[in-house]
Amino acid sequence: MSDPIPTPNFIGMLLECQQDALDAIADGEKSAERLRIELLGAKSELSKLTKQIRFVPAVDRAQAGTVVNQVKQTILQALAARGTTQAPKTTLSFDPTMPGIEPPEGHLHIVTQAIEEITRIFERISFIRVRHPEVDWDWYAFGALNMPENHPARDEWETFFIQNEKLKVKSEMFSRIVLTPHTSNGQVREMEKKTLPIRMINIAKCYRRQIDVSHTPMFHQFEGLYIDRHVSISHLKGVLDYFAKQFFGPQRKTRIRPFHFQFTEPSFEVDVTCGVCNGRGCKLCKEGWLELGGAGMVHPNVLKNGNVSAGYNGFAFGWGVERCFMMKAGTQLDDIRLLYSNDVRFLEQF
Ligand code: DAH
């Protein structure tokens, strides 16, 4: 297999071949028939170039083919003119009015597009996007979230721990470092900024030891946190509905079901009506609902760990970006790993 030929080089070679042919025709030394064989026959330069078209980048191949045909026509015309009159001084050449070759144009990765969209949706209700470490103390990822050392709830997060012999253990709280398994580490970090009320949307990479059709070891979550005076479950429900309608479509609804998380009390799992059957029940969703992620009222111990002033409370929620993207109507993705396989044929569809 030969090396690829950059399109401009290929076009340059064609134009050179055309000029050589026109010069030979104009020269008038050889008979028209001989020239026809030399310039257009199986062993001609043009024929060799035609075979090399397959080394031109696929996107430009059709256009390169058009130029090949044009060169052939130019040579044929020059030969035809030469057949009747003697040695026509033809100046026929490459058509400069032909549209240029457009370089391939990329676009933002679909996960980046989803992150941008989620950010804009929450901005409209004054939630500000923040960034917190994606490699963080075990304390922020678990301890501060009311998950004591050795608590079985930690088992649900298939965490990657960082090994660092040089790490000086200052206290029990700051002794271990993890690749953040969720964006909830941003909760207490945000509270520590001491600016109330808090309306945060923390979108970040998360890492867990898992890989199958619906999991990748690296994925993204977005974490909402609202801390103010007199925050209630109705506020949470309002925000959930708002998001579902903006992101999935105006006819979609959400519901909350009781669940358990260490860092919220009460805790919920949030479902959204299925986009395929609109909540009536179908093969995809069974009963009309698709599971979106977790949410709840921030646990008093978490508020305490973040030193939030008395009289303030709040809600939090945390969902997967890829998961939400896959649940959008029209996105029939049956393997989440496709998102990160870097196959341009797949990515170009969005
Ligand atoms: N951090 C949880 C997870 O990764 C999701 C979650 C549940 C976030 C409840 C929250 C919440 O903020 O309130 O599974």
Side-chain angles (χ1 to χ4, degrees), residues 106-119 129-145 147 149-167 174-189 200-225 247 259-263 269-270 290-295 316-328 331-350:
H107 62 67
L108 290 178
H109 189 277
I110 39 185
V111 171
T112 312
Q113 290 179 31
I115 290 175
E116 298 270 314
E117 187 179 350
I118 293 164
T119 310
R129 183 169 180 200
V130 296
R131 307 302 290 259
H132 289 294
E134 291 171 355
V135 182
D136 206 355
W137 293 107
D138 175 279
W139 165 252
Y140 290 107
F142 292 120
L145 295 171
M147 287 191 249
E149 193 85 3
N150 302 325
H151 193 284
R154 288 182 179 226
D155 296 348
E156 281 156 37
W157 284 265
E158 304 261 326
T159 313
F160 288 109
F161 286 87
I162 298 283
Q163 236 174 5
N164 187 348
E165 269 84 47
K166 293 203 191 105
L167 194 72
F174 301 110
S175 59
R176 276 191 301 175
I177 292 179
V178 297
L179 297 186
T180 50
H182 54 180
T183 42
S184 304
N185 68 315
Q187 290 195 18
V188 165
R189 281 198 170 269
M200 120 177 155
I201 192 81
N202 174 32
I203 313 184
K205 291 191 177 71
C206 301
Y207 305 86
R208 295 188 197 177
R209 286 156 28 118
Q210 50 182 20
I211 184 156
D212 58 43
V213 286
S214 51
H215 297 95
T216 45
M218 186 286 298
F219 60 103
H220 297 79
Q221 278 191 346
F222 57 109
E223 182 94 8
L225 178 68
F247 191 76
F259 201 72
H260 172 78
F261 291 105
Q262 281 291 115
F263 35 92
E269 221 154 40
V270 183
L290 298 169
E291 197 185 302
L292 203 60
F317 56 87
W319 304 331
V321 172
E322 290 84 350
R323 198 182 151 70
C324 281
F325 176 77
M326 286 168 76
M327 282 164 59
K328 255 191 166 200
T331 324
Q332 238 96 65
L333 265 194
D334 50 13
D335 189 341
I336 196 172
R337 292 170 296 192
L338 280 169
L339 292 171
Y340 297 112
S341 60
N342 268 351
D343 187 334
V344 178
R345 290 168 306 178
F346 165 73
L347 296 172
E348 268 174 348
Q349 299 172 68
F350 299 93

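Fair warning: this is a prediction, and the values are worked out from it, not measured in the lab. Both backbone and side-chain heavy atoms feed into the values below; hydrogens, waters and symmetry mates do not.
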Q: Please give me the minimum heavy-atom distance between Pro181 and Ala141, naming the atom from each residue.
A: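 Of all heavy-atom pairs spanning Pro181 and Ala141, the closest is CD-CB, 4.1 Å.
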
Q: Give me the atom names and distance for the closest heavy-atom approach of Phe263 to Ser184.
A: CE1-OG, 4.1 Å

Q: Please report the interatomic distance CE(Met218) to CZ(Phe160), rounded to the nearest 0.5 Å.
A: 11.0 Å

Q: Checking Arg323 side chain against Glu291 main chain: does a donor-acceptor pair fall under 3.5 Å?
A: yes

Q: Decide side chain to side chain contact (heavy atoms under 4.5 Å, CB included) for Leu339 and Thr216; before the verdict, give the C-alpha distance in whole Å, the side-chain angles of both, and the deciding distance to 0.1 Å.
A: CA-CA 9 Å; Leu339 292 171; Thr216 45; over 6 Å; no

Q: How long is the straight-line distance from CD1 of Ile201 back to CG of Leu225, given to the nearest 0.5 Å?
A: 9.5 Å

Q: Would you compute the distance between atom OG1 of Thr119 and atom CD1 of Ile203 and round it to the nearest 0.5 angstrom?
A: 3.5 Å

Q: Please enumerate all residues that pass salt bridge (Lys or Arg N to Asp or Glu O under 4.0 Å) together with Glu134, with sequence neighbours excluded.
A: none

Q: How close do Val188 and Ala144 get, heavy atom to heavy atom, and via which atoms?
A: CG2-CB, 3.7 Å

Q: Could I get the full list of side chain to side chain donor-acceptor pair (under 3.5 Å) partners for Trp157, not counting sequence neighbours?
A: His182

Q: Do Glu149 and Arg176 pass the side chain to side chain contact (heavy atoms under 4.5 Å, CB included) test, and can you show the C-alpha distance, the side-chain angles, and the key distance before you say yes or no?
A: CA-CA 11 Å; Glu149 193 85 3; Arg176 276 191 301 175; 2.9 Å; yes

Q: Tell me, please, which residues at least two apart from Asp136 pass salt bridge (Lys or Arg N to Asp or Glu O under 4.0 Å).
A: Arg189

Q: Please determine whether side chain to side chain contact (heavy atoms under 4.5 Å, CB included) holds for the pair Ile162 and Leu179, giving the CA-CA distance in whole Å, both sets of side-chain angles, and the decisive distance to 0.1 Å.
A: CA-CA 7 Å; Ile162 298 283; Leu179 297 186; 3.7 Å; yes

Q: Apply side chain to side chain donor-acceptor pair (under 3.5 Å) to Arg154 and list each qualifying residue two or more places apart in sequence or on a separate chain.
A: Asp138

Q: Please round to the nearest 0.5 Å and tell me the distance separating atom CG of Asn150 and atom CG of Asp155.
A: 9.5 Å

Q: Once side chain to side chain donor-acceptor pair (under 3.5 Å) is applied, do any residues pair with Thr183, and if so which ones, sequence neighbours excluded?
A: Gln221, Glu223

Q: Which heavy atom in Cys324 sits nearest to a heavy atom in Leu292, and how many Å separate them?
A: SG-CD1, 3.9 Å

Q: CE/Met147 to CZ/Phe142 distance, rounded to the nearest 0.5 angstrom?
A: 5.5 Å

Q: Arg337: what forms a side chain to side chain donor-acceptor pair (under 3.5 Å) with it, not counting sequence neighbours?
A: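 Arg337 satisfies side chain to side chain donor-acceptor pair (under 3.5 Å) with Asp335 only.
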
Q: How far does CD1 of Ile115 sit from CZ of Arg129, to the nearest 0.5 angstrom?
A: 6.0 Å

Q: So does Gln163 have more than 12 non-hydrogen atoms from other groups sitting under 6.0 Å from CD?
A: no

Q: Determine the minimum heavy-atom distance between Pro217 and Ile211, stating which atoms define it.
A: CD-CD1, 3.8 Å

Q: For Glu158, check salt bridge (Lys or Arg N to Asp or Glu O under 4.0 Å) against everything at least two apart and list the hits.
A: none

Q: Using the ring-ring contact (aromatic ring centres under 6.0 Å, His included) criterion, which residues pair with Phe346? Sequence neighbours excluded.
A: Phe350

Q: Please test Leu347 against Ile110 for side chain to side chain contact (heavy atoms under 4.5 Å, CB included), starting from the C-alpha separation and ending with a verdict.
A: CA-CA 7 Å; Leu347 296 172; Ile110 39 185; 4.3 Å; yes

Q: Can you list everything that forms a salt bridge (Lys or Arg N to Asp or Glu O under 4.0 Å) with Arg208? Sequence neighbours excluded, please.
A: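 For Arg208 there are no salt bridge (Lys or Arg N to Asp or Glu O under 4.0 Å) partners, ignoring immediate neighbours.
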
Q: Using ring-ring contact (aromatic ring centres under 6.0 Å, His included) as the criterion, list what pairs up with Trp319, not counting sequence neighbours.
A: Phe222, Phe243, Phe317

Q: Within a strict 4.5 Å, meaning less than it, do heavy atoms of the Val135 and Ile177 side chains meet?
A: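 Side-chain contact under 4.5 Å: yes.
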
Q: Can you name the ring-ring contact (aromatic ring centres under 6.0 Å, His included) partners of His109, sequence neighbours left out?
A: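 If we apply the ring-ring contact (aromatic ring centres under 6.0 Å, His included) test to His109, skipping adjacent residues, the hits are Tyr340.
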
Q: Could you check whether any side-chain N or O of Gln262 sits under 3.5 Å from a backbone N or O of Leu145, counting only pairs where one atom can act as donor and the other as acceptor?
A: no

Q: If you take all heavy atoms of Pro133 and Asn185, which pair is closest and at what distance?
A: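 Looking at all heavy atoms of both residues, the closest pair is O-ND2, 3.0 Å.
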
Q: Using the test side chain to side chain contact (heavy atoms under 4.5 Å, CB included), find all partners of His215 that sit at least two apart in sequence or belong to another chain.
A: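 Listed in chain order: Gln210, Asp212.
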
